[in-house]
Amino acid sequence: MEKEYEIRTGCDRGLCHQAVGRQDRQLNTYDWLADVPGNQESTDLVEVQFKHTRKGYYHNVNNLPLKKGDIVAVEANPGHDIGVVTLTGRLVKLQLKKANLKSADDIKRVYRIARQLDMDKFREAKAREHETMIESRQIAKDLGLDMKIGDVEYQGDGQKAIFYYIADERVDFRQLIKDLAAAFHVRIEMKQIGARQEAGRIGGTGPCGRELCCATWMKNFVSVSTNAARFQDISLNPQKLAGMCAKLKCCLNYEVDDYIEAGRRLPGRDVVLQTLDADYFLFKSDILSGMVTYSTDKNIAANVETITAERARQIVDMNRRGEKPESLLESGKAKPQKTHVDLAGGDINRFDKAKKKKKKKKSAAAGKKDENK
């Protein structure tokens, strides 16, 4: 019965193959509304992806039966471009809000499903990208411009090329555009990107062993500060905090809210716990487990005690009332003193006594075996 359902609907355990579509595209979006009746007819908007992470939104004015993974020719200025449909239906409207398009005029049209002639021009244009990037870098170097051209993307019909570059300061590339147009005979568009965007376009594997978030699912970059590392008690080591883009890792922001919320339940760092024996200062804290460790010395670990945050708050309340417990333990009783064992001193024959005891146990066990026989 389960196989019949899978064959009939193309879905298994709530995962629809139409929703997943192609997984070889960067920034792939799972369309969880794909198998909802009437989803395709809810809007004529479709999401189209081009090279790497560049996406655009278009009107399907010709009512083409488009689905995820179709290669289409879309309107461009000038000519047309070739891309892959990555999303259809009402989920496109939600994605459109994140795109922050300034006006409805930015949404162009889908012309047709790509023909063989379109694909031939597209492959011919794509084959020129690497050579164009290498030559354009040399042209920029000859002009003495302080910039790095990281990628080149040709339009599907080969009439325009987008040059993605990185620069720390403002660059006057008016002469560069003239030289590039004369060298490649196409319309030139310069687009400045940051180090994070470049890492997302190139892709790669992070120190966690997974593909970079910016190359797989992240569509918007949020600023990251070292405060996120401080809230999570992460060592402020620049080599460990930096990602492949040499900026702070985006994943530092993923759990910081949970750490901030859990940290509010812990006593403050400047709170001193007073007992009958001594005063205890905060040494370290395990934020998520709610355990705090206190020491009788501000700078080093001396007579450390690990208690729960709830117990620490109880002692703080007692101190405010002028009361002092015997110890930091939950029972409030003094911690039993540990007897010091001097391994260097004492009777040297104690090691022989331990061996004799083992021999006696072995001989007793052998005697029992003989009796059983």
Side-chain angles (χ1 to χ4, degrees), residues 22 24-27 48-56 58 71-84 86 106 108 111 114-206 211-212 214-216 218-219 221 242-247:
R22 295 189 177 190
D24 60 345
R25 311 294 301 181
Q26 288 181 305
L27 301 187
V48 179
Q49 185 167 343
F50 303 96
K51 185 179 180 181
H52 296 313
T53 57
R54 184 169 72 93
K55 287 187 176 183
Y58 299 86
I71 301 175
V72 293
V74 298
E75 181 183 1
N77 186 21
H80 68 272
D81 205 350
I82 302 295
V84 178
T86 52
D106 295 336
K108 297 181 172 59
Y111 284 147
R115 304 167 184 166
Q116 185 60 43
L117 182 61
D118 297 328
M119 295 305 300
D120 292 341
K121 288 183 178 180
F122 174 73
R123 294 190 183 97
E124 181 182 350
K126 291 299 173 183
R128 299 163 52 192
E129 289 182 348
H130 183 71
E131 182 182 352
T132 301
M133 181 183 67
I134 300 300
E135 190 173 346
S136 64
R137 286 179 177 177
Q138 186 61 43
I139 295 174
K141 183 179 180 181
D142 295 339
L143 292 175
L145 300 178
D146 187 13
M147 60 184 293
K148 174 192 172 185
I149 298 178
D151 193 15
V152 176
E153 180 182 1
Y154 271 94
Q155 195 171 275
D157 56 1
Q159 295 187 35
K160 187 175 76 170
I162 303 174
F163 291 79
Y164 296 92
Y165 71 95
I166 298 176
D168 295 332
E169 300 178 357
R170 187 172 180 178
V171 180
D172 184 7
F173 44 72
R174 288 176 291 182
Q175 184 60 41
L176 176 63
I177 292 177
K178 295 178 182 179
D179 293 348
L180 293 177
F184 306 117
H185 307 289
V186 292
R187 185 171 179 175
I188 306 298
E189 180 180 344
M190 304 297 295
K191 186 171 289 188
Q192 185 174 4
I193 59 175
R196 297 180 187 273
Q197 292 171 311
E198 183 189 33
R201 293 185 63 82
I202 296 173
T205 304
E211 285 189 73
L212 298 180
C214 53
T216 50
M218 283 187 66
K219 298 176 178 62
F221 294 100
M244 302 301 290
C245 57
K247 302 291 184 181

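Residue indices begin at 1 and follow the sequence shown. Note: hydrogens, waters and symmetry copies are ignored here, and every other heavy atom, side chains too, is used.
- In this structure, His52 NE2 and Tyr164 OH are separated by 9.0 Å, a value rounded to the nearest 0.5 Å.
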Test Ile177 against Met190 for side chain to side chain contact (heavy atoms under 4.5 Å, CB included), laying out the working first.
-> CA-CA 8 Å; Ile177 292 177; Met190 304 297 295; 4.0 Å; yes

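- Electrostatic pairing of Asp81 and Lys108 does not count as a salt bridge here, judged by no charged N lying under 4.0 Å from a carboxylate O.
- Under 4.0 Å is where a charged nitrogen must lie from a carboxylate oxygen, and between Arg201 and Glu153 at least one such pair does.
- Atom CD1 of residue Ile82 and atom CD1 of residue Ile71 lie 8.5 Å apart, to the nearest 0.5 angstrom.
- A 6.0 Å sphere centred on CD of Glu189 holds more than 12 heavy atoms belonging to other residues, nucleotides or ligands.
- The structure places CD of Gln49 at 10.0 Å from CZ of Arg54, a figure rounded to the nearest 0.5 Å.
- For Ala125 against Tyr154, the heavy-atom pair with the smallest separation is O-CD1, 3.5 Å.
- The environment of NZ in Lys126 is crowded: more than 12 heavy-atom neighbours from other residues, nucleotides or ligands sit within 6.0 Å.
- The environment of Lys121 atom NZ is sparse: at most 12 non-hydrogen atoms of other residues, nucleotides or ligands sit within 6.0 angstrom.
- When all heavy atoms of Arg137 and Ile149 are compared, the pair lying nearest together is NE-O, 2.7 Å.
- At least one side-chain heavy atom of Leu176 sits under 4.5 Å from a side-chain heavy atom of Ile139.
- When each of Arg128, Glu129, His130 is tested with Thr132 by the rule side-chain contact (heavy atoms from CB on, under 4.5 Å), just one qualifies, namely Arg128.
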Step by step, would you call Asn77 with Arg187 a side chain to side chain contact (heavy atoms under 4.5 Å, CB included)?
-> CA-CA 10 Å; Asn77 186 21; Arg187 185 171 179 175; 4.0 Å; yes

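- Nearest heavy atom pair, residue Gln159 against residue Gly79, reads NE2-CA, 4.0 Å.
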For Glu135 and Phe184, what are the C-alpha separation, side-chain angles and deciding distance, and is it a side chain to side chain contact (heavy atoms under 4.5 Å, CB included)?
-> CA-CA 10 Å; Glu135 190 173 346; Phe184 306 117; 3.6 Å; yes

Could you go step by step and tell me if Arg174 and Lys178 meet the side chain to side chain contact (heavy atoms under 4.5 Å, CB included) rule?
-> CA-CA 7 Å; Arg174 288 176 291 182; Lys178 295 178 182 179; 5.6 Å; no

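- Within a 6.0 Å sphere centred on CG of Asp120, other residues, nucleotides and ligands contribute more than 12 heavy atoms.
- Using a distance-only test at 3.5 Å, with no hydrogens or angles considered, a donor-acceptor pair links the side chain of Asp118 to the main chain of Arg115.
- For an aromatic pair to be called close, the ring centres must be under 6.0 Å apart, and Phe163 with Phe173 fails this.
- In this structure, the side chain of Gln192 engages the main chain of Ala167 through a donor-acceptor pair within 3.5 Å.
- Glu124 places no side-chain N or O within 3.5 Å of a backbone atom of Gly158 that could act as its donor or acceptor partner.
- In this structure, Ile166 and Glu198 approach most closely via the heavy-atom pair CD1-OE1, 2.9 Å.
- Between atom NZ of residue Lys191 and atom CG of residue Asp151 there is a gap of 11.5 Å, rounded to the nearest 0.5 Å.
- Considering every non-hydrogen atom in both Asp157 and Pro78, the closest pair reads OD2-O, 4.0 Å.
- Of the inter-residue distances, the one linking Tyr165 atom OH with Met147 atom CE reads 6.0 Å to the nearest 0.5 angstrom.
- Here NZ of Lys141 is found 13.0 Å from CG of Asp146. Values are rounded to the nearest 0.5 Å.
- Closest non-hydrogen pair, Leu212 versus Met244, comes out as CD2-CG, 3.6 Å.
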